[in-house]
Student: 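Below: one structure in structure tokens.
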Number of protein chains: 2
Amino acid sequence: MDRRAKIKDIALRAGVSPATVSRALSDSGLVAEPTLSRIREAAQSLDYRPNVRARNLRTQKSMAVLLVVRDVSNPFYLEIFKGVEATAREAGYSVLMGNTENHPDRELEYFDMLRDGHADGMVLMNGRLPSSHARDAEQLARLPIVVALEIIEGCPLPHVQIDNAASAYGAVKHLLSLGHRRIAHICGPVPEVMSVLRREGYRKAMAEAGLAVPEGYEPIGDYTIPSGAELCRQLFSRPDKPTALFVANDEMAFGAINELRKLGLDVPGDVSVVGFDDLFLSECFYPPLTTVSQPRADIGKQAMKQLLRVMNGDDSVEALVEMPTTLKIRGSTGPAKTSDN
Amino acid sequence: MDRRAKIKDIALRAGVSPATVSRALSDSGLVAEPTLSRIREAAQSLDYRPNVRARNLRTQKSMAVLLVVRDVSNPFYLEIFKGVEATAREAGYSVLMGNTENHPDRELEYFDMLRDGHADGMVLMNGRLPSSHARDAEQLARLPIVVALEIIEGCPLPHVQIDNAASAYGAVKHLLSLGHRRIAHICGPVPEVMSVLRREGYRKAMAEAGLAVPEGYEPIGDYTIPSGAELCRQLFSRPDKPTALFVANDEMAFGAINELRKLGLDVPGDVSVVGFDDLFLSECFYPPLTTVSQPRADIGKQAMKQLLRVMNGDDSVEALVEMPTTLKIRGSTGPAKTSDN
DNA sequence: CTGAAAGCGCTAACAG
DNA sequence: CTGTTAGCGCTTTCAG
């Protein structure tokens, strides 16, 4: 007996029809007791396992979801993976990794996978839609997709995100409260929404404090370490050097801090730095980075939860779930030197 | 026309049989030219996409592989994900995330998924087998599984790994060449093979240098930052404080360095530290960490390549692929103080 | 509560 | 080169 037992085999052994076996094994409650346990025993003794491919065809489901990111090797996603994976598992879904590398072709590919039945739903963290899909809002809204982390403007799909502007605002407020006045902002790749929003928060806090943002105080980076270093160097070659930096993500903040060290400037003695994201390692960096912490695992969980609702046709889907951030005040920020005020 | 076109629809429109359509669309080369393009056009105009679920059932394949790790949120895996994903994609496979959290139940679960046809193969980075499978080597060897990164002793499956002992040996040699004599080793969770091998490399280098390893110079950690900090503190409360540390992974090395800072010791001025793994951020850590760099993306690629061979019944599968490591010498190691010799 | 029958959409013999 | 036929293994009407 080498081949896998199928439902038919167990029907034969239990002396019932395949249909009954199917019903018994799916806990439908439609099978009576003497039969039920007979079937279960037969299944057990034959070491039966349902063939998912057959089931998938019949039910037109895959019990899998697609988790699409720009770059699987970005550490930022790690805990989101975990959150999504945990929630998906619980509901019986498995998770397919999608990696777009910011290629429009690949972005489209995952939409196709959805269409083709590779997966039943998708958590999209890609920040944009394939152009072919962006047009028709009606049709788009019907797709089983939840947008997480990133924000796609004017997109009718449910979103799970943080309040980027408010979080940035809070971070800058913190610097202000420490007495800083010359606060520069190393910005993300505008015009991406997320970067724009974080910059907005910065501007709002500055404006409220009655501070003008000097020309060139908002250089634009690309979220990478070298970019943070480079822009920091630029900023500190100015006559009006900042005493504090609000950096749009932690990686650029790392780059900036290392650059400051090279310039002989102490953090936070000479310059305070606030990041955004709270990466693994931001805490054990030296100095420990003050940063806006996103509840990444929860974002993953929420996104998957929403997606489950979408896939179940549950109408309690929320168009927008906003997750709270917290400013983690650590060692990279300190009071402004009084001479600098 | 709302419903998806199926092969039958396009057969109808092109005036051929479904079988011919299937052949045409799969580039089998069995369809002649006038027919071929007619079919392609029909498919195009109907916006046809094959239903993967039907195909999967028919072909008894899933065109998916399972990538099983202990903890998806461990940054170490990031580039491996990328390597596996890239190679899998190229071959038309998608990648399912598997996360065991070191639970035997979950480990088994993924083996079951393989059996059940969720995936056609598995890259196992879990370091052990479910007890139910460990017994029967014959049967195990027939499963489409490649073990990567971790080493499972006596397991007949193909492995893709690095030479842990030799890499550790090289790391310690580096410290020796800098004049260090009191070199301690913060060890991983023995008796796990990987930790044992790294310790072996350390011991070998020490022995060759004619140095005895003092009692307690090889404390055992669990690869986490706090564990590195704690063991470092212990080590430096001894009378015979080390002048150098070889730490079994980068995370514990981070913990150790932060602890040294707290103790008022300079790295590398007072103490040199070598890590293992070369994480994202090890380079931008302060001081930049000297560490053994594993070619993670390549490990992922190789593992997937081997798995493709296994799944294709290709007999060129190598039982063991050993990937080369390189010692990245950065700022956390320096010459021993002469007074310490 | 159980059985019979139909079919999900595709591919692969087997003929022609 | 193309058509016919027969399932892959399961679930789900529809009857009884």
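Within every chain, numbering begins at 1; the chains are lettered A, B, ... in the order of the sequence lines, protein sequences first and strands thereafter.
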Student: Tabulate below the donor-acceptor pairs under 3.5 Å that side-chain atoms of residues 86-101 of chain B make, not counting sequence neighbours, or state none.
Tutor:
{"residue": "B:Thr87", "atom": "OG1", "partner": "B:Gly83", "partner atom": "O", "Å": "3.0"}
{"residue": "B:Arg89", "atom": "NH1", "partner": "A:Glu109", "partner atom": "OE2", "Å": "2.4"}
{"residue": "B:Ser94", "atom": "OG", "partner": "B:Met63", "partner atom": "O", "Å": "3.4"}
{"residue": "B:Asn99", "atom": "OD1", "partner": "B:Val72", "partner atom": "N", "Å": "3.0"}
{"residue": "B:Asn99", "atom": "ND2", "partner": "B:Glu101", "partner atom": "OE2", "Å": "2.9"}
{"residue": "B:Thr100", "atom": "OG1", "partner": "B:Val69", "partner atom": "O", "Å": "3.4"}
{"residue": "B:Thr100", "atom": "OG1", "partner": "B:Asn102", "partner atom": "N", "Å": "3.2"}
{"residue": "B:Thr100", "atom": "OG1", "partner": "B:Asn126", "partner atom": "OD1", "Å": "2.8"}

Student: Less than 4.5 Å apart, any side-chain heavy atom of A:Gln161 and any of A:Ile299?
Tutor: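 Sidechains of A:Ile299 and A:Gln161: no contact.
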
Student: B:Arg55 has an atom CZ; how far is it from atom C1' of C:dA12, in whole Å?
Tutor: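 Going from CZ in B:Arg55 over to C1' in C:dA12 covers 14 Å.
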
Student: Within the sub-3.5 Å range, which N or O atoms of nucleotides 13-16 of chain C have a protein N or O partner, and how far apart are they?
Tutor:
{"residue": "C:dA13", "atom": "N6", "partner": "B:Arg23", "partner atom": "NH1", "Å": "3.3"}

Student: Rounded to whole angstroms, how far apart are CE on B:Met63 and C1' on C:dT11?
Tutor: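 That distance rounds to 15 Å.
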
Student: Determine the contact category for B:Thr35: base if any of its heavy atoms lies under 4.0 Å from a base atom, sugar-phosphate if only primed atoms, P, OP1 or OP2 are that close, otherwise nothing.
Tutor: sugar-phosphate

Student: Taking five pairs at each end, how big is the angle between the two axes of the helix from C:dC1-D:dG16 to C:dG16-D:dC1, to 10°?
Tutor: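 Angle reported: 30°, given to the nearest ten degrees.
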
Student: Expressed in angstrom and rounded to an integer, what is the separation of A:Leu30 atom CG from C:dG3 atom C1'?
Tutor: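 To the nearest whole Å, that distance equals 14 Å.
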
Student: Side chain to side chain contact (heavy atoms under 4.5 Å, CB included) with A:Val317: which of A:Val310, A:Val146, A:Leu308?
Tutor: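 For A:Val317, the side chain to side chain contact (heavy atoms under 4.5 Å, CB included) test succeeds with only one of A:Val310, A:Val146, A:Leu308, which is A:Val310.
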
Student: Does C:dC10 have OP1 or OP2 sitting under 4.0 Å from an N or O in the side chain of B:Tyr48?
Tutor: yes

Student: Do B:Asp27 and B:Arg40 sit within salt-bridge range, that is, some charged N less than 4.0 Å from a carboxylate O?
Tutor: yes

Student: What integer distance in Å separates B:Asp9:CG from C:dG9:C1'?
Tutor: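 That distance rounds to 11 Å.
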
Student: Taking for each residue the nucleotide of DNA chain D with the nearest heavy atom, is it B:Pro34 or B:Arg58 whose nucleotide lies nearer the 5' end?
Tutor: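 Nearest-nucleotide comparison on DNA chain D picks B:Pro34.
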
Student: Do B:Thr59 and A:Arg53 have side-chain atoms, one donor and one acceptor, less than 3.5 Å apart?
Tutor: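 Their side chains do not contain a donor-acceptor pair, so the 3.5 Å distance test is not met.
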
Student: With the side chain counted from C-beta on, respond yes when B:Asp9 and B:Arg13 share a heavy-atom pair under 4.5 Å apart, and no when they do not.
Tutor: no

Student: Let's go through B:Asp112 and B:Arg106 carefully: what are the C-alpha distance in whole Å and the side-chain angles of both, what is the deciding distance for salt bridge (Lys or Arg N to Asp or Glu O under 4.0 Å) to 0.1 Å, and is it a yes or a no?
Tutor: CA-CA 10 Å; B:Asp112 284 341; B:Arg106 313 240 334 228; over 6 Å; no

Student: Provide, to the nearest angstrom, the distance between the CZ atom belonging to A:Arg115 and the P atom belonging to C:dG9.
Tutor: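 Checked: the CZ to P distance equals 15 Å.
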
Student: Reading DNA chain D from 5' onward, which residue's closest nucleotide shows up sooner: B:Ala32 or B:Leu57?
Tutor: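 Closest to the 5' end, via its nearest nucleotide, is B:Ala32.
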
Student: Please, which pairs that meet salt bridge (charged side-chain N to carboxylate O under 4.0 Å, His left out) have at least one residue in residues 65-79 of chain A, sequence neighbours excluded?
Tutor: A:Arg70-A:Glu150, A:Arg70-A:Glu192, A:Asp71-B:Lys82, A:Glu79-A:Arg296

Student: Distance under 4.0 Å to a non-hydrogen atom of chain B counts as contact; along DNA chain D, which nucleotides mark the start and end?
Tutor: D:dC1 to D:dG9

Student: Under a 3.5 Å cutoff, is there a donor and acceptor pairing between the side chains of B:Ser37 and B:Glu33?
Tutor: yes

Student: Could you check how far CD of A:Gln60 sits from C1' of C:dG7, rounded to whole Å?
Tutor: 11 Å

Student: So do the side chains of B:Arg115 and A:Arg4 get within less than 4.5 Å of each other, counting heavy atoms only?
Tutor: yes

Student: For C:dT2, take OP1 and OP2 only and decide whether either is under 4.0 Å from a side-chain N or O of A:Thr20.
Tutor: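 So the side chain of A:Thr20 is outside the cut-off, no N or O lying under 4.0 Å from OP1 or OP2 of C:dT2.
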
Student: Nearest whole angstrom, please: distance from the P of C:dC1 to the CD of A:Glu33.
Tutor: 11 Å

Student: When you compare the side chain of A:Ile10 with that of A:Leu25, does any pair of heavy atoms fall below 4.5 Å?
Tutor: yes

Student: Going by the rule side chain to side chain donor-acceptor pair (under 3.5 Å), which residues pair with B:Asp136 if we only count those two or more places apart in sequence or in a different chain?
Tutor: none

